[in-house]
Amino acid sequence: MSASLRSIDGQDEATILREIQSALRDLRFGAVEITVHNAQVVQIERKEKFRLQQPGNKPG
């Protein structure tokens, strides 16, 4: 069983895919959660974490 990308609130499949792609853009640490209800995508949530370096540590 899989969820479909049927239109929600007048949005078509291409719009939903663009929103998912936008949520993933430039995400270095975190997660993108896609909520499905009645086999339709109803919510896309982006959770981003910012990693801070310890003083004296060099990026590598």
Side-chain angles (χ1 to χ4, degrees):
M1 185 185 318
S2 65
S4 70
L5 294 175
R6 288 185 237 150
S7 65
I8 54 171
D9 296 333
Q11 295 181 337
D12 61 4
E13 179 178 326
T15 302
I16 295 168
L17 290 173
R18 276 194 303 274
E19 290 296 329
I20 294 169
Q21 190 175 38
S22 176
L24 290 169
R25 190 173 294 120
D26 300 324
L27 183 66
R28 293 193 58 198
F29 301 100
V32 173
E33 183 176 327
I34 301 166
T35 303
V36 177
H37 183 71
N38 289 333
Q40 292 186 5
V41 175
V42 295
Q43 180 174 314
I44 302 165
E45 184 174 343
R46 175 181 165 140
K47 298 177 184 179
E48 188 169 2
K49 297 180 181 186
F50 294 95
R51 302 277 170 107
L52 304 176
Q53 283 187 241
Q54 296 281 336
N57 287 351
K58 294 182 181 179

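We number each residue from 1, following the sequence as shown.
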inquiry  = Can you confirm whether V42 sits close enough to V36 that some side-chain heavy atom of one is under 4.5 Å from a side-chain heavy atom of the other?
reply    = no

message = Give me each pair satisfying salt bridge (Lys or Arg N to Asp or Glu O under 4.0 Å) with a member in residues 22-45, each pair once, sequence neighbours excluded.
response = E33-K47

query = With a 4.5 Å heavy-atom cut-off, do I16 and D12 have their side chains touching?
reply = no

query = Any side-chain heavy atom of T35 within less than 4.5 Å of one from V41?
reply = no

task = With rounding to the nearest 0.5 Å, note down the distance linking CD1 in I20 to CD1 in I44.
result = 4.5 Å

message = Taking salt bridge (charged side-chain N to carboxylate O under 4.0 Å, His left out) as the definition, give me every residue that meets it alongside R18, ordered by chain and number, with sequence neighbours left out.
response = none

key: side-chain contact (heavy atoms from CB on, under 4.5 Å) partners of F50, counting only residues at least two apart   = E48

inquiry  = Looking at A23, is its backbone amide N or carbonyl O close enough to the side chain of R46 to form a donor-acceptor pair, meaning the two atoms are under 3.5 Å apart?
reply    = yes

